2 protein chains.
Amino acid sequence: MENLSRPVTLRMIADEVGVNVSTVSRVINASDAEARRWASGEVIERIRSVVAERGYQRNPQAASLRTRRSGLVGVLVPRLQDFVLATIYEGIEEAATEQGISTFVTNSLDIPANQIARTEIMLSRRVDGLIFGDAHAGEPFLDELAERGVRFVLVSRRSGNHISATCDDVMGGRLVAEHLLSSGRRDIGILAGQPYASTGIDRTAGIVQACREAGIEIPPHRIVQGGFDAPGGHEAAVRMLEAGGCPDAIFAANDFAAIGAMGVLRERGIAVPDDVAVVGYNDTPLAAELPIPLTTVRSPMHEIGRQGLDLLVSMLRGDEVESVRLAPELILRASSASAVPKM
Amino acid sequence: MENLSRPVTLRMIADEVGVNVSTVSRVINASDAEARRWASGEVIERIRSVVAERGYQRNPQAASLRTRRSGLVGVLVPRLQDFVLATIYEGIEEAATEQGISTFVTNSLDIPANQIARTEIMLSRRVDGLIFGDAHAGEPFLDELAERGVRFVLVSRRSGNHISATCDDVMGGRLVAEHLLSSGRRDIGILAGQPYASTGIDRTAGIVQACREAGIEIPPHRIVQGGFDAPGGHEAAVRMLEAGGCPDAIFAANDFAAIGAMGVLRERGIAVPDDVAVVGYNDTPLAAELPIPLTTVRSPMHEIGRQGLDLLVSMLRGDEVESVRLAPELILRASSASAVPKM
DNA sequence: GCACTTGCGGCAAACGTTTGTGTAAAGCAT
DNA sequence: ATGCTTTACACAAACGTTTGCCGCAAGTGC
């Protein structure tokens, strides 16, 4: 029952066809038209048929050894449990498969020491390039990596002027501001996420700018930082309420943080949306399913992943590439409906 | 600024130390004690220091080519967006990293054709073994794979008598039955999940058995199948209510399905837990954060992943291995509190 | 003094590709 | 018939490891 037969090699194909391995290699790797430069029509035919019949599969490590290209890319994310990053990774993996590339993914937990260590592991695996979903603003790590000649792109978060595929988060913040202001909210609190994540920074900047342009200044105590998950949102919301009472709107830089915040509001008997509007970000599937369906900003997470991988392969090919920033879309639901005037 | 310097090779180390590459290879790959069989203390010392100083890293594809082992394992999951599978994968990846193994992960979306295609891609990458998180009951695919001599283990779901690391889902179902029955519930509905997933099958079997032992028979119209996510739970709950009115307890084989079901109950003005108790499965972080905190069965997802990988490496080493089944734990919360007697 | 083990390390052959270069035969023009 | 370019392959050298086998010296037993 044991399968001892070794895999089919180029050599076996070559022997069976009665031709040299180099010819087989060239025929296999060239396009239909190109193949004619290397072998006669009849030989090409024979090679193709034997390859199919014997089920030949190239040995990728042998090929890598020779070509010095592994067809591997490493992906670092803060945490795969996070729906947003999992979705982005799905986009990356989907695009990679289409290109015949394989990906390694690993969690950094947003800890700089991990980022460095995991990156080294990836490099020791001889990846052709890397994709970072966990870029930290202000850390020199990525700059040093670029200096070393390592090829990489960023997804989800941007940093410096490294190439990245992101959502236009400033725009996303502005959309929220317009919506909240136009429905009469004036005292807006922001759950800004982690201070090192450009996503939170940009979303916050967007809403703050748009409010300022409308003549509304958001005071510092209305901007609190915290994790991008439910417990993080819970804890941040508590801090905000304790620092200055309840605002009439809360914008969370992440749906899960919004859910955590709504938990706090419920505990304290504060009504959503009547007392306070709540808006999240990303349009997680859960958002629509919540007891109070959540208004949120839809970001093209899957597409961000796809574009990130495409950027990387272009870069590896030697092309000049530019960052892409995809447009967000506001999704209106019950959690931010206009307050019912109290009679 | 371009980094053209090629990586350090064994040959360079050997030349610098003044010794043959074979000696360097042996010293590097052997344990401290073992190394003494191959070189004198002084030579070992010199090799080690040069290796460290030059930052030598073994070329894994060259090594794989020679050893016929890639140090790679492929992981197939239904969908990485699913928190449960993402967590299991995190366990796999964590254990793999500890063992110096790298993993490829990909989504099958629970579609058999995808499972086959993705598996072939993994095999063409020359993985040493595979881990399936998407085993389908009744499909011949895994049997055929085993017949071909491919090494693999299952996680999360079991199938036939292939080696697997799972939660004891039957036990999980029983725990729920005991709890609901002891708090006076008698008409229990089950959101059983997908019919091909052993998780749903076993959890359902567990609760049905335990109820039967207590003299309560759960009728067929109280068992509905559906997706393991919020929309799936929503849709399944609707079907159940329409088939036979509202039971006094609902057990969902998955927290997200439970959330979807609670959405339906809210829409219809059915009170949780007063009119109906709701119990989920997996103890997702969100469960505790919900408007009505969710009673659920905690399954050791991360540990399932770790054990799955460990099983696979044991198997690859040639050891005789046995499936592991980890114990679940019931987590009581508000969604299944005893109904307040109506005065 | 001898044969014999042991310690230490070199030699060289793989593993399966890719790719630069060499070269017969065939085709063409003169 | 001669010189020329194509066509259609073959040859062989890498790529960086691992590992079976061999060799040489020093040590051991008698």
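In this text the structure is predicted, and so the values were computed from the model without any measurement.
Taking atom CG of N20(A) as the reference point, atom P of dA24(C) lies 16 Å away to the nearest angstrom.
We find the CG-CZ distance between L311(B) and F152(B) to be 12.5 Å, quoted to the nearest 0.5 Å.
Side-chain contact check for R126(B) versus L72(B): every heavy-atom pair is 4.5 Å or farther apart. Side-chain contact between L312(A) and V73(A) is present, with at least one heavy-atom pair separated by less than 4.5 Å. The shortest side-chain heavy-atom distance between R125(A) and Q61(B) does not fall under the 4.5 Å cut-off.
With respect to E139(A) and R157(A), no salt bridge is recorded, no charged nitrogen being found less than 4.0 Å from a carboxylate O. With respect to R46(B) and E53(B), no salt bridge is recorded, no charged nitrogen being found less than 4.0 Å from a carboxylate O. At a threshold of 4.0 Å, the pair R48(A)-D32(A) counts as salt-bridged, since one of the basic side-chain nitrogens sits closer than that to a carboxylate oxygen. Under 4.0 Å is where a charged nitrogen must lie from a carboxylate oxygen, and between R26(B) and E34(B) no such pair does.
Counted by atom type alone, D110(B) and Q194(B) present zero donor-acceptor pairs between their side chains at under 3.5 Å. A side-chain N or O of H302(B) and one of E94(B) form a donor-acceptor pair less than 3.5 Å apart.
Near DNA chain C, defined here as any heavy-atom distance below 4.0 Å, the residues from residues 60-69 of chain B are L65(B), R66(B), R68(B), listed numerically. For the segment residues 40-56 of chain B, the set of residues with a heavy atom within less than 4.0 Å of an atom of DNA chain C comprises S40(B), V43(B), in numerical order. Contacts of residues 25-38 of chain B with DNA chain D (heavy atom under 4.0 Å): S25(B), R26(B), N29(B).
In this structure, E45(B) places its CD atom where only 12 or fewer heavy-atom neighbours from other residues, nucleotides or ligands lie under 6.0 Å away. More than 12 heavy atoms of other residues, nucleotides or ligands sit less than 6.0 Å from atom CG of D319(A).
Axis angle, first five pairs versus last five pairs of the helix from dG1(C)-dC30(D) to dT30(C)-dA1(D): 50°, rounded to 10°.
Residues satisfying the side-chain hydrogen bond (donor to acceptor under 3.5 Å, both in side chains) criterion with S159(A), sequence neighbours excluded, are absent altogether.
No donor-acceptor pair closer than 3.5 Å links the side chain of R11(A) to the backbone N or O of A14(A).
Heavy-atom distances to DNA chain C give each of P7(A) and T23(A) a nearest nucleotide, and the one nearer the 5′ end belongs to P7(A).
Taking the 5' to 3' direction, DNA chain D first and last meets chain A under 4.0 angstrom from a heavy atom at dA8(D) to dG16(D).
Contacts of T9(A) with the nucleic acid, taken as non-hydrogen atoms under 4.0 Å apart, involve only primed sugar atoms and P, OP1 or OP2.
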Task: side-chain hydrogen bond (donor to acceptor under 3.5 Å, both in side chains) between S198(B) and R158(B), worked out - done: CA-CA 6 Å; S198(B) 75; R158(B) 54 197 192 77; 4.8 Å; no
